[in-house]
2 protein chains.
Amino acid sequence: MFSNDNLCSLRWDPVSRAVEIIDQTLLPHTLRWCHLDSPAAFCHAISSMQVRGAPLIGITAAFGLAHALAEDASTENLERATAALLATRPTAVNLRWALQLVAGTVRELEPARRAEAALDKALALRGEDIANCARIGEHGLQLLRALQVEGTLNIMTHCNAGWLATIEWGTALAPVYKAFAAGIPVHVWVSETRPRNQGMNLTAWELQRAGVPCTIVADNSCGQLMREGLVDCVMVGSDRTAANGDVCNKVGTYLKALAARANNVPFYVALPKSTIDWSCASGALIPIEERDAAEILTIVGMDAAGEVREVNLAAPGSRALNPAFDITPAQLVSALVTEHGSFAASADGLAHLKMTK
Amino acid sequence: MFSNDNLCSLRWDPVSRAVEIIDQTLLPHTLRWCHLDSPAAFCHAISSMQVRGAPLIGITAAFGLAHALAEDASTENLERATAALLATRPTAVNLRWALQLVAGTVRELEPARRAEAALDKALALRGEDIANCARIGEHGLQLLRALQVEGTLNIMTHCNAGWLATIEWGTALAPVYKAFAAGIPVHVWVSETRPRNQGMNLTAWELQRAGVPCTIVADNSCGQLMREGLVDCVMVGSDRTAANGDVCNKVGTYLKALAARANNVPFYVALPKSTIDWSCASGALIPIEERDAAEILTIVGMDAAGEVREVNLAAPGSRALNPAFDITPAQLVSALVTEHGSFAASADGLAHLKMTK
């Protein structure tokens, strides 16, 4: 199903040697591919959130470093370009990881060979990410089949953990796409994911583009849908997972996990092994990023004339608090679905995962 | 604190004999008082949701019927005006209740006395609603005091159950206003309440107008705030309560109740006795109103030029499902706070409430 570039967030053209990305800040209203043709363009793509999602950020940065070395392969420029890319989103773990891999690969080479080696590494990271997501999809598909649902399989998700957040497939959505490709009649409940509405803006858009049936719902209605038996399982991603299985993910994930437990709905978290923070003993140790109140008090939409506008929702002078993530305790997680298989969300389960290669 | 008309949703001028209401469809961007000076204006105020909230709808209709009888007190017009007002929001229980009370009071009178008697009844209903809400506030205040919180008392609410939904005080917000008036340092977490945003549009606005400190949060963040110990209790209203204590309220209430239970936060439901449906044995029997998908897919806000606009949030062709209410099981409710005192949310507790006069 991913044989063409229609369901892919970043493409590489081997002929023109150019990188193109979807400008995700314009979705769902406009699909625009951006040509990244200068070190500044790569930095801007990451810092302005044209690309987002930890895996996609990391790989975009890797290509950005390769591009910088093609212009000037000196050691000085290697360090300068690495620092500039790293500064675009200072807290993104995957960004540092990807840049260190590329820089580490080329630093000991003679300058003339650096650009090609960096590009090879970026392409390898891109390929690995696609392969890992496909494996997460296959392991998640086994869990979906095990539910033995007759008729339509209703999966609820939150935020965006699809191919727009990775390169292809996604994490939480990979099992959905695998099920769809296998002919299983799937339907996705897309929680809009206030305040930034990644569910409505990105997840619904990418599912529609892939032809997967989906319905947008208010975050508030997710409990009632489960009470009514309309949800067979929840499948979400994870920004960071502690060594005890506690999951840090987009705010609102915890409420879905509570509702799932209260209604005997399996709650799965799909993630690449690389997002597990082995140094973090529990979710209580993960700091919760507090973002700008304006994300709650204003919103962007398209008016009747087709113009995209920002509007104020609240009265002038209103205060808002905007924690961007929440912690779902491991006890509420039915399984962690990784590229190495599915594991219990517990210290034991994670110890088994840690030993995988 | 309510000695003037600043914190009141419907006012009656005994000199001009006119009814004025706040046009709530314009909040929070514009405060406009509307003069209701014809039977059609009363019907329009209710059907277009310039007034909303069960108690306020009922009392507006009562004044509307009195107004119609002042123009034409014939039996024919009594029936015609009653039917027209009833048709404005066919499912609103309080609307029928108030109209039946007024019509029943005047039907056996000679036409010349009907208009004055209807007006007296409407004024009496208005006074009763204010008194009942004040009593709910006093009983709720006792529960708040019993929490023995030192420093600021943090109360979370959902949707709007304040003076904009009643005449004065409100139901869920009445204890907040009583605590504020008593000098207790209160702060309210206002859940924005997607999709119609009554929390952001109405609750934050009315609290700010009363000088009560409040902070708007995304519905999604309510669980995380409780995990962090930032919520001392939840106080919400109820649209309809079953005889076993199950509560039907604005969608999203159930998720807050689950999070409150998981974090040992008291979860109180404030309601007038009249909203208990004694004929309904449990919440499972309450049908959930499904509203227009456009409430999710579009939103209204004020642009940079100060113009109020509707914008589309989702991609064209997106589907949405919009259940407007949800059911919170009685076991998750710490107490039902009524004008007769606080009662357990159980068949036993409600049996005691039923006996009160």
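There is no contact between B/V190 and chain A, counting heavy-atom distances below 4.5 Å. With a 4.5 angstrom heavy-atom cutoff, A/E310 touches chain B only via backbone atoms. Of the two parts of B/I288, only the side chain, counted from C-beta on, holds a non-hydrogen atom closer than 4.5 Å to a non-hydrogen atom of chain A. For chain B, the nearby part of A/I299 is the side chain; its heavy atoms alone come within less than 4.5 Å. For A/N201, the part sitting under 4.5 Å from any heavy atom of chain B is the side chain, from C-beta outward, and nothing else.
Of residues 216-234 of chain A, those residues lying under 4.5 Å from chain B by any heavy-atom pair are A/I216, A/V217, A/A218, A/D219, A/N220, A/S221, A/G223, A/Q224, A/L225, A/R227, A/E228. At a heavy-atom cut-off of under 4.5 Å, chain A is reached by B/A320, B/L321, B/P323, B/F325, B/D326, B/I327 from residues 320-327 of chain B, listed in order of number.
Heavy-atom pairs under 4.5 Å with chain B were tallied for A/V251, A/N197, A/T253; the largest tally goes to A/V251. Between chain A and the options B/K256, B/H158, B/E295, the largest number of non-hydrogen pairs under 4.5 Å is found for B/H158. Annotation: maximal heavy-atom pairing with chain B below 4.5 Å, among A/L258, A/T298, A/T193, occurs at A/L258. Taking B/S318, B/A262, B/P195, B/S191 one by one and counting their heavy-atom pairs under 4.5 Å with chain A, the maximum is reached by B/S318. Most heavy-atom pairs under 4.5 Å with chain A: of the set B/I296, B/T328, B/L297, this distinction falls to B/I296.
Distance check, rounded to the nearest 0.5 Å: CZ of B/R319 to OG1 of A/T215 gives 3.5 Å. Note that CG of A/D303 is 9.5 Å distant from CD of B/E307, once rounded to the nearest 0.5 Å. To the nearest 0.5 Å, atoms OH (B/Y254) and CG (A/L255) are separated by 11.5 Å. The structure places CE of B/M200 at 4.5 Å from CG of A/L313, a figure rounded to the nearest 0.5 Å.
The two residues B/Q208 and A/A315 have their closest heavy-atom pair at OE1-CB, 4.4 Å.
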